[in-house]
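Notes follow the structure.
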Amino acid sequence: NSFHMFNEISNDFPGCAGTVTWQELELGADVDTNTTYTDVYLVCNGTGDVTPPDEPEEEECQAPNGQTYTESCPAGQTGTITYTWNQSSCSYKETNNCTQAEEDCCSPNFRGNFAECVKNKYGENSPEYICYNGTAYQCGVAVFGGGSVASICMDTYTTGKQAELCKQCYEQVPEMSGFRAGGYHRYVCDGAPKKCSVSSSQNDSLYGCGEVYTAPQETFTYRDIVGRTDCLNKCDSRSQCPSNIQPGVLIHASHSGLDCWVQCYCPWSGYTGQTYTGYRVKLKYKSLNRQCSYDELTWM
């Protein structure tokens with residue numbers, strides 16, 4: 001027989017309280033050479049138990065930062081991120097309460113689109129956006145209220161009694177002049193002058209009145225030049241509203257039949273067969289069932 005013994009034993013032999021002896025283990029035979037291969041190994045014999053090697057102690061799962069802790073959100077966001085310890089997974093569960101911080105359109109560091117910032121933050125129909133994007137008179141109506149002397153004086157065209165009232169208004173609140181001249185565009189950042197309190201000598205007179213409102217948008221669909229011509233006829237400049245007639249202003253009851261447009265659009269790219277959609281936005285009169293003073297009314 002041929003004995004083969006390991007040249008090296010990679011692991012330490014366990015402790016033995018009995019007698020250690022060599023034992024043989026037959027591994028197989030080679031018939032051609034009539035050779036049997038065996039291996040030997042050490043065996044612990046005796047009454048003593050084999051002492052197994054010490055196993056490494058399992059580390060206890062602990063929360064390194066306590067059961068809960070919070071962190072601030074990344075730059076440009078508000079709120080906090082909360083971390084709660086999960087003993088089963090030996091890790092923190094993240095709860096993100098971050099929200100995008102509102103942009104400060106008026107910040108010196110703002111580098112975005114100012115118009116879009118104001119529109120998104122305050123809304124398309126807000127005084128802030130109307131003043132930035134509209135006319136002086138539109139801003140005056142939105143800020144001071146339709147029919148007020150302050151809003152009337154924001155209009156480019158004032159004559160007669162209104163011109164006299166506006167002169168008094170500018171004398172009373174000098175800042176109104178600069179506001180009307182272009183300062184109104186920065187109303188969102190700089191605010192507005194105080195509202196002048198000029199009164200008319202006709203204050204004792206009362207008139208039937210109503211409020212101007214925006215009617216639902218009308219749309220026109222067409223596919224050829226005939227249809228577009230019909231759309232353009234609906235947008236005739238003769239039926240356009242006067243510049244001082246805006247939604248929210250008060251007008252004399254004699255104009256109860258008000259039916260004029262403030263927006264009108266008839267697209268055309270030059271190709272027949274394509275579908276085009278035009279639209280028109282009108283202003284109309286709504287009775288308030290009350291009387292208004294001269295100063296409250298916008299005169300046409």
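What you see below is based on every heavy atom in this structure, not just the backbone, and it leaves out hydrogens, waters and symmetry mates. In this chain, residues are counted from 1 in sequence order.
Both Y184 and M176 are members of a single hydrophobic cluster when ILVMFWY side chains are connected at heavy-atom separations under 4.5 Å. Hydrophobic clustering (side-chain heavy atoms under 4.5 Å, transitive across Ile, Leu, Val, Met, Phe, Trp, Tyr) groups V173 together with V143. Y187 and M154 fall within the same hydrophobic cluster, where Ile, Leu, Val, Met, Phe, Trp and Tyr residues are linked whenever their side-chain heavy atoms come under 4.5 Å apart, directly or through other members. Under the 4.5 Å side-chain heavy-atom criterion for grouping Ile, Leu, Val, Met, Phe, Trp and Tyr, W261 is not connected to L258 through any hydrophobic cluster.
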Verdict with supporting geometry, S287 and Y285, side chain to side chain contact (heavy atoms under 4.5 Å, CB included): CA-CA 7 Å; S287 176; Y285 173 96; 4.2 Å; yes
Derivation and outcome, side chain to side chain contact (heavy atoms under 4.5 Å, CB included), residues Y137 and S243: CA-CA 8 Å; Y137 182 68; S243 62; over 6 Å; no
Audit row: I251, V249, side chain to side chain contact (heavy atoms under 4.5 Å, CB included) steps and yes/no: CA-CA 7 Å; I251 59 177; V249 303; 4.2 Å; yes
Y222 vs T277, side chain to side chain donor-acceptor pair (under 3.5 Å): CA-CA, chis, key distance, verdict: CA-CA 7 Å; Y222 49 91; T277 301; over 6 Å; no
Evaluation steps, side chain to side chain contact (heavy atoms under 4.5 Å, CB included), between Q138 and V141: CA-CA 5 Å; Q138 289 172 329; V141 171; 5.9 Å; no
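Closest approach of P267 to Y276, counting heavy atoms only: O-CD2, 3.7 Å. Nearest heavy atom pair, residue F114 against residue V188, reads CZ-CG1, 3.6 Å. Taking each heavy atom of F144 and A150 in turn, the nearest pair found is CG-CB, 3.6 Å. Considering all non-hydrogen atoms of both residues, C260 and Q240 come closest at CB-C, 4.0 Å. Heavy atoms only, all atoms of each residue included: L288 and L250 are closest at CD1-CD2, 3.6 Å. For R223 against T275, the heavy-atom pair with the smallest separation is NH1-OG1, 2.7 Å.
In this structure, CD on E296 lies 10.0 Å from CD1 on I152, to the nearest 0.5 angstrom. The CD atom of Q263 sits 10.5 Å away from atom SG of C241, with the distance rounded to the nearest 0.5 Å. Distance SG/C264 to CG/N233: 10.5 Å, rounded to 0.5 Å. Going from atom CD1 of I245 over to atom OG1 of T298 covers 5.5 Å, rounded to the nearest 0.5 Å. Distance check: C235 SG to F220 CZ gives 6.5 Å after rounding to the nearest 0.5 Å. With values rounded to the nearest 0.5 angstrom, C196 atom SG is found 11.5 Å from E175 atom CD.
Screening residues 137-146 for salt bridge (Lys or Arg N to Asp or Glu O under 4.0 Å) gives no qualifying pairs among residues at least two apart or on separate chains. Within the structure, salt bridge (Lys or Arg N to Asp or Glu O under 4.0 Å) contacts touching residues 129-151 (residues at least two apart or in different chains) do not occur. Counting only residues at least two apart or in different chains, salt bridge (Lys or Arg N to Asp or Glu O under 4.0 Å) contacts with residues 248-257 are absent. Sorted by first and then second residue, the side chain to side chain donor-acceptor pair (under 3.5 Å) pairs with a member in residues 124-134 form an empty list; sequence neighbours excluded. Among pairs with a residue in residues 208-220, those fulfilling side chain to side chain donor-acceptor pair (under 3.5 Å) read E218-R280, at least two apart in sequence or across chains.
For S254, the side chain to side chain contact (heavy atoms under 4.5 Å, CB included) test picks out H252, with sequence neighbours left out. Taking the salt bridge (charged side-chain N to carboxylate O under 4.0 Å, His left out) definition, one finds that D230 meets it with K234, sequence neighbours left out. Scanning for salt bridge (charged side-chain N to carboxylate O under 4.0 Å, His left out) contacts around R186 gives D190, with sequence neighbours left out. Residues forming a salt bridge (charged side-chain N to carboxylate O under 4.0 Å, His left out) with K284 (at least two apart in sequence, or on another chain): none. Among residues two or more places apart in sequence or in another chain, the salt bridge (charged side-chain N to carboxylate O under 4.0 Å, His left out) test is passed with K282 by D259. Every residue meeting the ring-ring contact (aromatic ring centres under 6.0 Å, His included) condition with Y279, not counting sequence neighbours, appears here in chain and number order: Y265.
Side-chain atoms of C105 and K121, non-hydrogen and from C-beta on, do get closer than 4.5 Å to each other. The shortest distance between side-chain heavy atoms of T272 and I225 does not fall below 4.5 Å.
Remark: side-chain polar atoms of S177 are not paired, donor with acceptor, to backbone N or O of P174 under 3.5 angstrom. Side-chain atoms of T80 do not come within 3.5 Å of backbone N or O of S72 as any donor-acceptor pair. A donor-acceptor contact shorter than 3.5 Å is absent between the side chain of Q274 and the backbone of Y271.
Between the side chains of T84 and Q67, no donor N or O sits under 3.5 Å from an acceptor N or O.
Hydrophobic side-chain contacts under 4.5 Å tie Y92 into a cluster, directly or through other members, with Y69, I81, Y83, W85.
In this structure, C209 and C292 have their SG atoms less than 2.5 Å from one another. Disulfide status for C153 with C169: absent, SG atoms not under 2.5 Å apart.
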